[in-house]
Protein chains: 2
Amino acid sequence: MSTRSDRKGWQERLTAHIRAQGGRVTRPRLEIAEVFFGMRGHPGVEEVAAAVHKRWPGVGNATVYRTLHLLSDAGLVEARQFGEGFARYEAAATREHHDHLVCTACGTILEFEDDAIEDLQRQASERHGFLMKSHRMEIYGVCSKCQARGSDGPAQRHARPRKARARR
Amino acid sequence: MSTRSDRKGWQERLTAHIRAQGGRVTRPRLEIAEVFFGMRGHPGVEEVAAAVHKRWPGVGNATVYRTLHLLSDAGLVEARQFGEGFARYEAAATREHHDHLVCTACGTILEFEDDAIEDLQRQASERHGFLMKSHRMEIYGVCSKCQARGSDGPAQRHARPRKARARR
DNA sequence: CTACATGCAAAGAATTTGCAAAATA
DNA sequence: TATTTTGCAAATTCTTTGCATGTAG
């Protein structure tokens, strides 16, 4: 059953959300959403903005930030923090809930779900009197490809953030 | 057994680490470590700096940042990201491993450990061919006190970061 | 027409870095 | 004394905001 926001419905869902707030369904908003939902992976704002500019030059970065927030408010998108010092976004509610496996060597991010862990998290919350609202979990390690390739090396995530490739 | 870095050993461990790098055991470094290990909770750099200044005015913030990194390299401290847009630190290796329960109403951070979850995380990693190096998990919700007090409200963590109380 | 949205540039916040002066070994 | 550190301020990086102009409804 149902809290679906798959590749089809974002248009209507977004329009509904905007109208509900007395807002306006504008060209840039639709363009940015269009591009975002066409992307794979967990792009950062910068990546989204670049993709948008490729198809619709003239759209300002501030609007990309603002629209991503809008999509987040609409529940169509979720912000993630992988400890890199900037936010990454992903389409929301693709599945019930999922966590991430982040390869510290190549940066690949795999998604996975585990109901047993979900249950234990809920139990742990209750054990401490918490009313669980949400949770996040990331496992950092080396993916099979990098293990085979023997590259345990670079792309240090975790710990000391804000240093990932500079780009200005 | 033994990867202990409790209230006693940080002095020697830090000194050893510094000397091993051909570095110097300086006044500010010891002062900052002293203050940090005397603090409770998961202070952000700002809080650490404030506490340091109270006892040793004249220490620059840059040095606090640099020393916290040093402590991290020495394995005495761990950086955490609770999605607030800034890093929090905690003394490392107090226990085997633990996760966090973050109250979205009052900001309290509780620690807990759960071996069963640890096991499942390892299993999930293996299932996807990952060599797990580390992992982090946070549960966001409302703590018992806030539930009783009926405050589900403010202190929005998660999602839209970088907006938490401004202080300059 | 009128309120909301956009773009641009400036403002902010957290963190890093350059450099001359200070301190350690 | 030779280097490493420190402090301060300036620079960076990501994100938010102010404001004049553009535009959906």
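Within every chain, numbering begins at 1; the chains are lettered A, B, ... in the order of the sequence lines, protein sequences first and strands thereafter. Just so we're clear, the structure is a prediction, and the values are computed from it rather than from any experiment.
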With sequence neighbours excluded, what pairs up with B/H128 under the ring pair (Phe, Tyr, Trp, His ring centres under 6.0 Å) test? A/F112
Roughly how far, to the nearest 0.5 Å, is CZ of B/R149 from SG of B/C106? 6.5 Å
Summary of salt bridge (charged side-chain N to carboxylate O under 4.0 Å, His left out) pairs that have at least one residue in residues 49-69 of chain A, sequence neighbours excluded: none
Euclidean distance, atom CD1 of residue B/I18 to atom C1' of D/dT5 [Å, nearest integer]: 11 Å
With sequence neighbours excluded, residues passing side-chain hydrogen bond (donor to acceptor under 3.5 Å, both in side chains) with A/D99: A/H97
Side chains of residues 24-34 of chain A: which donor-acceptor partners sit under 3.5 Å, not counting sequence neighbours?
from, atom 1, to, atom 2, distance (Å)
A/T26, OG1, A/R29, N, 3.4
A/R29, NH1, A/R24, O, 2.9
A/E31, OE2, A/W56, NE1, 3.3

With the threshold set at under 4.0 Å for non-hydrogen atoms, list the residues of residues 49-62 of chain B touching DNA chain C in residue-number order. B/A62
How many Å lie between CZ on A/F86 and C1' on C/dA13, as a whole number? 18 Å
Polar pairs (N or O, both sides) under 3.5 Å between protein and nucleotides 22-25 of chain C?
from, atom 1, to, atom 2, distance (Å)
C/dT24, O2, B/R24, NH1, 2.6
C/dA25, OP1, B/V25, N, 3.3

Rounding to a whole Å, what distance do you find between A/R66:CZ and C/dC8:P? 11 Å
Checking the side chain of A/T104 only, and the main-chain atoms of A/G141 only, is there a donor and an acceptor separated by less than 3.5 Å? yes
Applying side-chain hydrogen bond (donor to acceptor under 3.5 Å, both in side chains), can you list everything that pairs with A/H42, at least two apart in sequence or on another chain? A/E90, A/H100, A/E111
Interatomic distance where CD belongs to B/E46 and P belongs to C/dG12 [whole Å]: 17 Å
Output the rounded distance in Å from CG (A/L30) to P (D/dA24). 10 Å
CZ of A/R122: more than 12 outside heavy atoms within 6.0 angstrom? no
For the helix from C/dC1-D/dG25 to C/dA25-D/dT1, what angle separates the axis at the start from the axis at the finish, each from five pairs, in steps of 10°? 30°
Gap between atoms CG and C1', on A/D73 and C/dA5 respectively (whole Å): 15 Å
On the nucleotide C/dT16, are OP1 or OP2 found under 4.0 Å from the side-chain N or O atoms that B/H69 carries? yes
Roughly, in whole Å, what's the span from CZ in A/R29 to P in D/dG22? 19 Å
For A/Q81 and D/dT13, give me the distance from atom CD to atom C1', rounded to whole Å. 13 Å
Is there a side-chain contact between A/Y65 and the phosphate of D/dT16, meaning an N or O under 4.0 Å from OP1 or OP2? no
Once salt bridge (Lys or Arg N to Asp or Glu O under 4.0 Å) is applied, do any residues pair with A/R127, and if so which ones, sequence neighbours excluded? B/D114
Once rounded to the nearest 0.5 Å, what's the spacing between atom CD of B/E126 and atom CG of B/L131? 9.5 Å
To the nearest 0.5 Å, atom CD1 of B/I139 lies from atom CZ of A/F130 at 8.5 Å
